[in-house]
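What follows is a short report on a single structure.
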Amino acid sequence: MSNSPGSSGATEPAPERRLILLLALACGVGVANIYFPQAIVPLIADGLHVAPSKAAVVVTAAQFGYAAGIFLLVPLGDRLVHRRLIVTLLTAAGLGLVIAGTAPTLPVLVAASAVTGAATVVPQIIIPMTAGLAAQNRRGAVTGTLLSGLIGGILLARTFSGSIGQWLGWRAPYLIAAAVVFLLALVLAITVPTTTPPSRERYPVLLTASLRLLRTEPALRRSCLYQALVFAGFTAAWTSLALLVTGPEYDLGASAVGLIALVGAASMFCTPVAGRNVDRRGPGPVNLVCILAVIAAAALLTTGSLGGAVGLAGLTAGMLLLDVAVQSGQVANQARILALRPEARSRLNTAYMTCAFLGGGIGSWLGVRAYTHLGWTGVCLLVAALAGLALARHLIPSHSRSLHPEKATAPLYTHPSAGDQVDSDASDTARSR
């Protein structure tokens, strides 16, 4: 199951379903490290005797650390052997979690969170690697399966940390997560298939390649903008949610955030469906539906200001819809970019995910400020405004000429929508090459 250099993976045997499921689990465990602190911000604040708004910097540091790791480390997925790189990064993430779980002060915790975020970019190495092993007409479905595992990690992480933190204190989730990550590193050291890196370029060249791809690939730029905006709203809502439900409006514990996240975990079953729709119709129609769903979720979330059972039900339904929309949009965006240049999938993913998590870090920061000054309604308005910007960009007509995807490099689907301006950009770019 090894790749030859430069192979797109189309001629290789498809990865076994058991391997795909294991890699989906790895994506979930890996990404959980930057999300579980969202549910325990109030506990961290109490434990370290700081204001909740200051404790929320832990979440922002993890997001920015993840963005830095994506930019600096994920390009190595095109240069180094995947198995060795994955195991090394998981080990580093585990050490970062141990330091965070034993941090005596907030600055140490913030620094450890940034380091852990930088090292926990394993999912963004696994996804391009697996896309290279899958047949091209199955990439959307395979990507959807991997992202369903990733989403499960994102959402169940909050349930895990909220519940464990409520019972055992805020340090316990970090230390338990470290043990799980070390175990996962051992398992993947045995099971990840041997692959041959598609590039022999030097590291500085790999870093600058992501910036060049952003400049030359219009479909990549559009995907980056979509996800940065909606993901900023996503992180703003989740970071502020912990402050809302543990505040005077609801006066609930951190485990309540975990229970809301547990309901939201149903969204992990929607990403394979989104992937199949991308394969059939193209990414553009899926993007449009997802952006509109984010705006609808923002409207539904405003009911959280009512308090009581009605407000809690509105929060739960709104966060579920927000999760489904953002993660399904991720499937469309990532499937689009991974079809552009088979020899540079890790570098394409680097540019895309760096933009997405820069948006996420900014969203966490803006969300706390909006909540502090304008309350929960201000957070909902922020989510809607960010999605509105994405919608405005989607509705701008493309001046690129559409081609049938078979004429483009590495086609992803066979029946695109005639109105999918995004993918006409991709095809036009491919033709120019």
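All values derive from a computational prediction rather than experimental measurement. What you see below is based on every heavy atom in this structure, not just the backbone, and it leaves out hydrogens, waters and symmetry mates. For this chain, numbers begin at 1 and follow the sequence in order.
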- request: Working to the nearest 0.5 Å, report the span between CG of L89 and CG of L85.
  value: 4.5 Å
- request: Please tell me if the side chains of L214 and L220 come closer than 4.5 Å, counting only heavy atoms from C-beta onward.
  value: yes
query: What do the steps show when you test L315 against L244 for side chain to side chain contact (heavy atoms under 4.5 Å, CB included), and what is the final call?
result: CA-CA 10 Å; L315 286 175; L244 174 66; 3.7 Å; yes
task: Would you give the length of the straight line joining atom CD1 of I362 to atom CG of L229, rounded to the nearest 0.5 angstrom?
output: 10.0 Å
- prompt: Going by heavy atoms in the side chains, are L22 and L188 under 4.5 Å from each other?
  reply: yes
query: Can you tell if the side chain of V98 reaches within under 4.5 Å of the side chain of F182, non-hydrogen atoms only?
result: yes
field: Contact check, side chains of V58 and L106, non-hydrogen atoms, under 4.5 Å
entry: yes
- prompt: If you look at every heavy atom in C224 and A351, which pair is closest and at what distance?
  reply: SG-O, 3.8 Å
- request: Please report the shortest heavy-atom distance between R221 and R215, naming the atom on each side.
  value: NH1-O, 2.8 Å
message: Are I337 and Q227 packed together at the side-chain level, in the sense that at least one heavy-atom pair is separated by less than 4.5 angstrom?
response: no
query: In Å, rounded to the nearest 0.5 Å, how long is the span from OG1 of T145 to CG of L150?
result: 12.5 Å
Check: residues 296-312 side-chain donor-acceptor pairs under 3.5 Å, at least two apart:
residue	atom	partner	partner atom	Å
T302	OG1	A299	O	2.5
T303	OG1	L300	O	2.7
S305	OG	T377	OG1	3.2

message: Under the criterion side chain to side chain contact (heavy atoms under 4.5 Å, CB included), I'd like the reasoning laid out for L374 against L381: C-alpha separation, chi angles, the key distance, then a yes or no.
response: CA-CA 10 Å; L374 300 173; L381 290 173; 5.9 Å; no
field: Shortest non-hydrogen contact from V294 toward A387
entry: CG1-CB, 3.5 Å
- prompt: Does some side-chain heavy atom of L288 sit less than 4.5 Å from a side-chain heavy atom of L391?
  reply: yes
- request: Would you check if there is a donor-acceptor pair between the side chains of N287 and R222 at a distance under 3.5 Å?
  value: no
- prompt: How would you list, by chain and number, every residue that makes a side-chain hydrogen bond (donor to acceptor under 3.5 Å, both in side chains) with Q63, sequence neighbours excluded?
  reply: none
Donor-acceptor contacts, no H, no angles, side chain residues 24-38, under 3.5 Å, sequence neighbours left out:
residue	atom	partner	partner atom	Å
N33	ND2	G30	O	3.3
N33	ND2	T120	OG1	3.3
Q38	OE1	R158	NE	2.7
Q38	OE1	R158	NH2	2.9

task: Mind checking the CG-OG spacing from L348 to S223? Nearest 0.5 Å is all I need.
output: 10.0 Å
- prompt: So do the side chains of V115 and I99 get within less than 4.5 Å of each other, counting heavy atoms only?
  reply: no
- prompt: Roughly how far apart are M129 CE and H82 NE2, rounded to 0.5 Å?
  reply: 6.5 Å
- request: Specify whether Y174 and W170 have parallel, tilted or perpendicular ring planes, treating 30° as the upper limit for parallel and 60° as the lower limit for perpendicular.
  value: perpendicular
field: Closest non-hydrogen atom pair, S328 against V286
entry: O-CG1, 4.0 Å
- prompt: What is the minimum heavy-atom distance between P52 and L243, and which atoms define it?
  reply: CB-CD2, 3.8 Å
field: Result of checking Y66, F64, Y352 against F357 for ring pair (Phe, Tyr, Trp, His ring centres under 6.0 Å)
entry: Y66
statement: Closest heavy-atom pair, T239 versus S364, reported as atoms and distance to 0.1 Å, is OG1-OG, 3.5 Å
field: Distance in Å, M353 CE paired with I127 CD1, rounded so as to fall on 0.5 Å steps
entry: 7.0 Å
query: Under 4.5 Å between any side-chain heavy atoms of W238 and D323, yes or no?
result: yes
query: Is there a side chain to side chain contact (heavy atoms under 4.5 Å, CB included) between V273 and N277 once you walk through the steps?
result: CA-CA 6 Å; V273 176; N277 276 291; 3.7 Å; yes
- prompt: Could you go step by step and tell me if L211 and F71 meet the side chain to side chain contact (heavy atoms under 4.5 Å, CB included) rule?
  reply: CA-CA 10 Å; L211 299 176; F71 183 75; 4.1 Å; yes
- prompt: Going by distance alone, is a donor N or O of one side chain under 3.5 Å from an acceptor N or O of the other, for R212 and T208?
  reply: yes
- request: May I ask you to decide if A103's main-chain N or O and R171's side chain share a donor-acceptor pair within less than 3.5 Å?
  value: yes
